[in-house]
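Source: prediction; values computed, not measured. Only this structure's heavy atoms are used, side chains among them; waters, hydrogens and symmetry mates stay out. Chain letters run A, B, ... following the sequence lines, proteins first, then strands; residues in each count from 1.
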Number of protein chains: 2
Amino acid sequence: MAEKTRTPKSARTRAALLEAARELFAERGYVKVTVRDIAAKAGIDPAMVIRYFGSKDGIFADAAEFNLELPDLRGVARNSIGEALTRHFLSIWDSPDAGLPVLLRSASTNELANARMREIFNKQIRTALEAIAGPDEAEQRAGLVSSQLLGLAVCRYVLKLPPVVRMSKEQLVKTIGKTLQQYITGRLPR
Amino acid sequence: MAEKTRTPKSARTRAALLEAARELFAERGYVKVTVRDIAAKAGIDPAMVIRYFGSKDGIFADAAEFNLELPDLRGVARNSIGEALTRHFLSIWDSPDAGLPVLLRSASTNELANARMREIFNKQIRTALEAIAGPDEAEQRAGLVSSQLLGLAVCRYVLKLPPVVRMSKEQLVKTIGKTLQQYITGRLPR
DNA sequence: GTCTATAATTCGATAGAC
DNA sequence: GTCTATCGAATTATAGAC
């Protein structure tokens, strides 16, 4: 054999299982997906899921893993931050292999998903905002930003409210971005 | 017996089951609550749940039933509408026997809950806004309003993000109300 | 009207043959 | 490395005694 095996057989089945799991978890959420569903969708034996990932929780953890990569807000014009953040998150939600849709669907039924979401929408966004605001303010502003971003995600991807689904990405960037801008640089209530 | 039976025995157990179901569904969501959990919390036999409500779906449907009672916006000063709506929903989320928290927790795992939420946050809010805007505009504005209200609910009651939980009701009314006001009477993006 | 006992499924996980 | 067979636990729902 002059040619090495391109991909080990096991790595291919592992990847196939992971891809199937991501799609199903993003579609139905943690509890409505069974190990058997994942295996069937990938055309692989259910026992392989346990073999490669240890448990259902194991494959969920892997499916929900991803890097958020928030942009460094110091490189953004101060009055464009709201729109930049909105555009960034809309791109993430729409990318099909991202873990964020997986988390979104499962945050109310799976502890790991709930914890990861809390980390992203509390710690990470706050950290990003600390680049342009004091640490105390940053947390409150991050909370407000999170409420609008998460609500947008729920309406557009979980509830699929017609008017929110229908709006174009650029329309949303303008409208929601303006709100975020107010939450980030506007006056906070007493 | 001079005194009639105040409440039939069956009606009391039925009511006790329903109350237990509401609390549990609001706390954990549809899938994480079993018929046995409900019965145990009410101190009643699990078989009674089926007897009185037919199925787990049956008791969930009853637990999620409620009247939204949106305020008539024509009776509100035009530039106070945002705050009025915010205050109204915050009151609903906080009232423990309301069905809205039940729906919120289960919208991602239960079809009925999902459909009811869509109806409330699309049809009902849109109808309320039609009192002060044209029907075409009203739907889009209702979508934006829904995204912010739902996001607030998710952050405060499901994810329990510390800064959002910590904010007082009046702080939220001011901040979120200002956003809703913009969505309701402000300019829409092209 | 209420409870005991259990039927009927479904699921995650394991053991072991190939 | 993959699949067959199955276990054990949990769940909804039913049948029938009391």
Side-chain angles (χ1 to χ4, degrees), chain A residues 1 4-25 27-64 102 105-106 108-113, chain B residues 1 4-25 27-64 102 105-106 108-113:
Chain A
M1 254 194 275
K4 277 203 269 189
T5 311
R6 290 179 172 279
T7 52
K9 326 120 200 209
S10 65
R12 258 183 299 137
T13 70
R14 212 193 115 100
L17 285 173
L18 199 54
E19 185 189 343
R22 264 213 196 92
E23 292 175 19
L24 287 177
F25 283 136
E27 232 171 68
R28 309 183 205 163
Y30 180 79
V31 289
K32 302 271 279 185
V33 174
T34 70
V35 170
R36 287 166 165 79
D37 290 337
I38 299 170
K41 175 151 190 161
I44 295 171
D45 193 274
M48 296 297 94
V49 174
I50 306 299
R51 175 166 181 83
Y52 287 126
F53 300 93
S55 66
K56 181 183 175 181
D57 281 303
I59 194 171
F60 179 81
D62 277 17
V102 174
R105 272 276 179 189
S106 303
S108 59
T109 55
N110 181 279
E111 273 313 309
L112 173 67
Chain B
M1 253 192 277
K4 276 202 274 191
T5 311
R6 290 179 172 280
T7 51
K9 326 118 201 211
S10 65
R12 257 183 300 137
T13 69
R14 212 193 114 100
L17 285 173
L18 199 54
E19 185 189 343
R22 262 212 197 93
E23 292 175 18
L24 288 177
F25 282 135
E27 231 171 69
R28 308 183 206 163
Y30 180 79
V31 290
K32 302 269 279 185
V33 175
T34 71
V35 170
R36 285 166 163 78
D37 291 337
I38 299 170
K41 175 150 191 162
I44 295 170
D45 193 274
M48 297 296 95
V49 175
I50 306 298
R51 174 169 181 83
Y52 288 126
F53 300 93
S55 66
K56 180 183 174 181
D57 281 303
I59 194 172
F60 179 81
D62 277 18
V102 174
R105 272 276 178 189
S106 303
S108 58
T109 54
N110 180 279
E111 272 314 309
L112 173 67

The answer to which of A:M48 and B:K56 contacts DNA chain D further toward the 5' end, by nearest nucleotide, is A:M48
(Q) Considering every strand and a 4.0 Å limit on heavy-atom distances, what is the contact class for B:F53: base, sugar-phosphate, or nothing? (A) nothing
- Query: In terms of the angle between their ring planes, are A:F25 and A:F60 parallel, tilted or perpendicular, with boundaries placed at 30° and 60°?
  - Reply: perpendicular
Taken to the nearest 0.5 Å, the spacing of B:R28 CZ from B:D37 CG works out to 5.0 Å
B:I44 atom CD1 is separated from C:dG1 atom P, nearest whole Å, by 13 Å
A:R36 atom CZ is separated from D:dT6 atom C1', nearest whole Å, by 10 Å
Here the distance between atom P of C:dT6 and atom CD1 of B:I50, to the nearest Å, is 19 Å
Whichever of A:G54 and A:T34 has the more 5' nearest nucleotide on DNA chain C, that residue is A:T34
Here the distance between atom C1' of D:dT11 and atom CG of B:D57, to the nearest Å, is 13 Å
Taken to the nearest whole Å, NZ/A:K32 to P/C:dG12 is 13 Å
Among C:dT2, C:dG12, D:dT11, the one nearest any side-chain atom of B:Y52 is C:dT2
Separation of C:dG12 atom P from A:N110 atom CG, nearest Å, is 13 Å
The reported gap from CZ in B:R51 to CG in B:L17 (rounded to nearest 0.5 angstrom) is 12.5 Å
Here the distance between atom P of D:dT11 and atom CG of B:L24, to the nearest Å, is 13 Å
Apply the test salt bridge (Lys or Arg N to Asp or Glu O under 4.0 Å) to residues A:R105 and A:E27: give CA-CA distance (whole Å), side-chain angles for both, the deciding distance (0.1 Å), then the verdict. CA-CA 7 Å; A:R105 272 276 179 189; A:E27 232 171 68; over 6 Å; no
| query | Is there a donor-acceptor pair under 3.5 Å between the side chain of A:R22 and the backbone N or O of A:A63? | reply | yes
Testing C:dG1, D:dT14, D:dT2 for proximity to the side chain of B:S10, the answer is C:dG1
Ranking C:dA13, D:dT14, D:dC3 by distance to the side chain of A:A47, first place goes to D:dC3
A:R51 CZ to C:dA17 C1', in whole Å, measures 14 Å
Regarding the side chain of B:T13, the nearest nucleotide among D:dT2, C:dA13, C:dT2 is C:dT2
